[in-house]
Amino acid sequence: MDVARFMRLFQMRATQVMWLLGAGTSRTAGVKTAWDVIWDLKHKLYCSQKKLALSAITDLSDVVVQRKIQEHFDSLGSFPSAGAEDEYSAYFEAAYPSARDRRQYLDGIIEEAKPSFGHRALALLMRENLTRTVWTTNFDKLVEDSAAKIYESTGRLTVADLGEPSKLQRAMQENRWPILGKLHGDFHSDRLKNTTEELRDQDAAMRQAFVAACQGNGLALVGYSGRDASIIAALTDAINGGAGFPGGLFWFKRSTETPFEGVTSLMKAATDAGIEAFFVEVETFDELMSDLVRFLPTTTGKVDAIGEADRPRLGKAPLRAVGTKFPVVRTNALPIVSWPTSCRLVVCTIGGVSEVVAAVKEAGVDLDVNRVRAGVLAFGKDVDLRTALADRDITSLETYAISPARLRYESGERTLIRDALVRSLGKRETLAVDRRGRRILLRPAAGVGTAPFNRTVACVETLTGAVPGTTIPWSEACEIRLDWKLDGLWLLLEPRVVLELEDGTAEAMVAKAKDWVRERRAQRRNKHANSMLDGWIELIVGTSDSLRLRAFGISDGADADFEIARTTGFSGRAPQ
């Protein structure tokens, strides 16, 4: 099932569908996911066993580092294989056998967390009586904090953890909504559960309340991996021969994720029993909640009530840590830490990309468009999109999720995002965009001087001119393109010296100009090349740590939001 279909279904069944939130829903709030915790625990165990300083390993996202650490634990023979369902519990138990130490560890993880857009949007759904019951396996208080802000009170939400499941049952019997059930307990609870034995012996009363609720309602699971055998067993019990989950069972997953075997078996069992059970692809919890509250008639005009309701930072890619050991090589790649994960999809009778572009141009509207097998993809106002394709027999206009898998190569989706990014950069006062076929060049805007390029070392005296001994104009420019590495998008910068050649220019003069360009660029080694790169980064990003951009600045269609970090990628030798 796609997200658009779920949204329509949820509008009809909102009060029948409960939510179960996993660790993935708290990541944008600053809380580590189960995957993050596993590698953090592996890091600590590995360094302590090898008698290394924790600072000896600075980048746990590096696949080479991960392979080396995993090989160590595989050789011990006492730990589960990478990706196993009991991996989280095994490493947690090995690193911190004491419950008190585990509580302290979790305390450190969540103490700085702040509710994300998604949590506040969920609280809005609660306030509008569109969500009555929320379950969570998380230890944080992000749902409670969000409800307190939206309700302007802490008294409306009934919260029950493992220490008081009867409180939850009473609230359900008395129809006192909304309700939050914490399946693994609040992190302050003395009955905190996070090891294999503890998870297996999960509180029977809370499990009974959970199963009973699932037998009378639908359930949407988001940000949850399904690692816990006890919860999968409870969900299986709730199938109840097909009588359970009358509102449906919806498991949200990222497009690149492969569900655990236990999850796949659960969904098949539910489907075989006649239950509406679907996997739904969505990249983030924030994106899902944003789509919902902007779609539902009772919340679409109340998004401002969420507070700090900026569009969520979608598809965030982690920055590689800067190494402290040499040799370290600075790359010319800026990480795009946030990019659009959805656009508009129009299904209509139209040909290829050139025909789509021609239709937009003929209509005189402002859109970024591309053509893929599914239909026409676009950023811009919906009214403009309908105008451009009005005579093309539009059969549907809906939201299209841009899968990261489609950004790994030069797909229609990646080209569309590139065009939207170029549009965004073109709004920068410091830049001018020059398209030359498929090549995209950035130039310093009129009035920009040489100062940005000479911050650390004198590099250029002028940014434009004529090649000595000729009449051929030249200018400093930066060619840009997108690439996908390390599970994220990167903006590649290639400073160049560009010649403005005209037809009929004498070959000898052209050859002389090209030799001059080669010599000019050859002089830019190390410090000078670094200074040129710094200059372009300042013109593109500015002097802050990152820059947020919007392609259109609209609210009545599909906009493209980006965030570009100022620190380039670095390459260094992997830890030994």
Side-chain angles (χ1 to χ4, degrees), residues 27-28 116-118 282-284 286-287 290-291 294 308-320 331-344 366-370 377-381 399-408 410-433 435 440-442 445 478-494 536-569:
R27 185 165 197 174
T28 55
S116 70
F117 181 97
V282 67
E283 295 310 309
T284 70
D286 284 358
E287 177 185 355
S290 174
D291 288 342
R294 288 180 167 86
E308 303 176 10
D310 294 333
R311 290 175 65 84
R313 289 168 56 170
L314 307 179
K316 185 175 180 181
L319 282 171
R320 290 175 57 86
T331 72
N332 64 332
L334 290 175
I336 302 176
V337 297
S338 177
W339 62 83
T341 56
S342 64
C343 62
R344 287 292 188 259
D366 195 20
L367 299 166
D368 282 327
V369 293
N370 212 310
L377 303 184
F379 289 120
K381 293 183 178 181
T399 299
Y400 177 84
I402 301 175
S403 167
R406 298 280 295 171
L407 301 181
R408 298 174 183 272
E410 287 290 345
S411 62
E413 289 87 342
R414 189 158 117 179
T415 300
L416 179 70
I417 285 181
R418 182 204 64 192
D419 290 344
L421 177 59
V422 172
R423 174 189 290 270
S424 302
L425 293 173
K427 294 182 177 181
R428 299 281 289 159
E429 295 181 353
T430 54
L431 296 172
V433 175
R435 285 180 173 270
I440 301 171
L441 299 174
L442 299 181
C478 183
E479 185 168 354
I480 60 171
R481 58 188 177 89
L482 288 184
D483 199 1
W484 179 276
K485 296 291 182 184
L486 302 169
D487 293 324
L489 281 174
W490 298 76
L491 179 63
L492 304 188
L493 312 179
E494 298 185 32
W536 282 112
I537 292 173
E538 183 173 327
L539 296 187
I540 293 171
V541 181
T543 56
S544 300
D545 291 339
S546 64
L547 171 69
R548 301 197 70 173
L549 297 165
R550 299 190 73 184
F552 291 89
I554 59 176
S555 58
D556 56 344
D559 208 343
D561 296 1
F562 298 90
E563 182 172 3
I564 306 175
R566 195 177 196 280
T567 303
T568 64

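Keep in mind that the numbers below use all heavy atoms, side chains included, and drop hydrogens, waters and symmetry copies.
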Q: For Arg428, check side chain to side chain donor-acceptor pair (under 3.5 Å) against everything at least two apart and list the hits.
A: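 In terms of side chain to side chain donor-acceptor pair (under 3.5 Å), with neighbours along the sequence ignored, Arg428 is linked to no residue.
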Q: Side chain to side chain contact (heavy atoms under 4.5 Å, CB included) between Leu492 and Leu482: does it pass, once the steps are laid out?
A: CA-CA 6 Å; Leu492 304 188; Leu482 288 184; over 6 Å; no
Q: Apply the side-chain contact (heavy atoms from CB on, under 4.5 Å) test between Leu442 and each candidate in Val422, Leu431, Thr430; give the one that qualifies.
A: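 Answer to the side-chain contact (heavy atoms from CB on, under 4.5 Å) test with Leu442 among Val422, Leu431, Thr430: Leu431.
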Q: Between Thr331 (side chain) and Gly569 (backbone), is there a donor-acceptor pair under 3.5 Å?
A: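 Between the backbone of Gly569 and the side chain of Thr331 there is a qualifying donor-acceptor contact (under 3.5 Å).
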Q: Enter the distance from Leu549:CG to Ser338:OG here, rounded to the nearest 0.5 Å.
A: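 Answer rounded to 0.5 Å: 10.5 Å.
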Q: Are Arg414 and Trp484 close enough that some pair of their side-chain heavy atoms sits under 4.5 Å apart?
A: yes
Q: So, does Asp286 use its side chain to make a donor-acceptor pair with the main chain of Gly118 at under 3.5 Å?
A: yes
Q: Determine whether Ile480 and Leu421 make a side-chain contact, defined as any pair of heavy atoms from C-beta on separated by less than 4.5 Å.
A: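 No, their side chains stay 4.5 Å or more apart.
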Q: Counting C-beta onward and ignoring hydrogens, is there a side-chain heavy-atom pair between Thr415 and Glu410 closer than 4.5 Å?
A: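 Side chain of Thr415 against side chain of Glu410, heavy atoms only: contact under 4.5 Å found.
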Q: Do Phe552 and Asp366 touch side chain to side chain, with heavy atoms closer than 4.5 Å?
A: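 When only atoms from C-beta onward are counted, Asp366 and Phe552 do touch, with a gap below 4.5 Å.
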Q: Could you tell me if the side chain of Arg550 sits less than 4.5 Å from the side chain of Lys427, heavy atoms only?
A: no
Q: Got a donor-acceptor contact below 3.5 angstrom from the Asn370 side chain to the Leu377 backbone?
A: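 The answer is no, because no donor-acceptor pair under 3.5 Å joins these two groups.
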Q: Just by distance, do the side chain of Arg566 and the backbone of Gly542 share a donor-acceptor pair under 3.5 Å?
A: yes
Q: Could you check whether any side-chain N or O of Asp368 sits under 3.5 Å from a backbone N or O of Leu416, counting only pairs where one atom can act as donor and the other as acceptor?
A: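 Side chain of Asp368 to backbone of Leu416, a donor-acceptor pair under 3.5 Å: no, none is there.
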Q: Are the side chains of Arg435 and Asp419 in touch, meaning some heavy atoms are under 4.5 Å apart?
A: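 A side-chain contact exists here, since the closest heavy-atom pair is under 4.5 Å.
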Q: Nearest 0.5 Å, please: how far is CD1 in Ile402 from CG in Leu407?
A: 6.5 Å
Q: Just wondering, do Leu441 and Glu494 contact through their side chains at under 4.5 Å, heavy atoms?
A: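 The answer is no, as the side chains (C-beta and beyond) never meet within the 4.5 Å cut-off.
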Q: Where the side chain of Asp559 meets the backbone of Gly553, is there a donor-acceptor pair that is under 3.5 Å apart?
A: yes
Q: Could you check Phe562 against Ile417 for side chain to side chain contact (heavy atoms under 4.5 Å, CB included), going step by step and ending with a plain yes or no?
A: CA-CA 10 Å; Phe562 298 90; Ile417 285 181; 3.7 Å; yes
Q: Apply the test side chain to side chain contact (heavy atoms under 4.5 Å, CB included) to residues Leu493 and Thr568: give CA-CA distance (whole Å), side-chain angles for both, the deciding distance (0.1 Å), then the verdict.
A: CA-CA 10 Å; Leu493 312 179; Thr568 64; 6.0 Å; no
Q: Is there a salt bridge (charged side-chain N to carboxylate O under 4.0 Å, His left out) between Asp483 and Arg418 once you walk through the steps?
A: CA-CA 10 Å; Asp483 199 1; Arg418 182 204 64 192; over 6 Å; no
Q: Quick one: CD on Glu287 to CG on Asp291, what's the gap to the nearest 0.5 Å?
A: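 Spacing of CD (Glu287) from CG (Asp291) equals 5.5 Å.
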Q: Counting distance only, does the side-chain N/O of Ser411 pair as donor-acceptor with the main-chain N or O of Arg406 below 3.5 Å?
A: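 Yes, because the side chain of Ser411 sits within donor-acceptor range (under 3.5 Å) of the backbone of Arg406.
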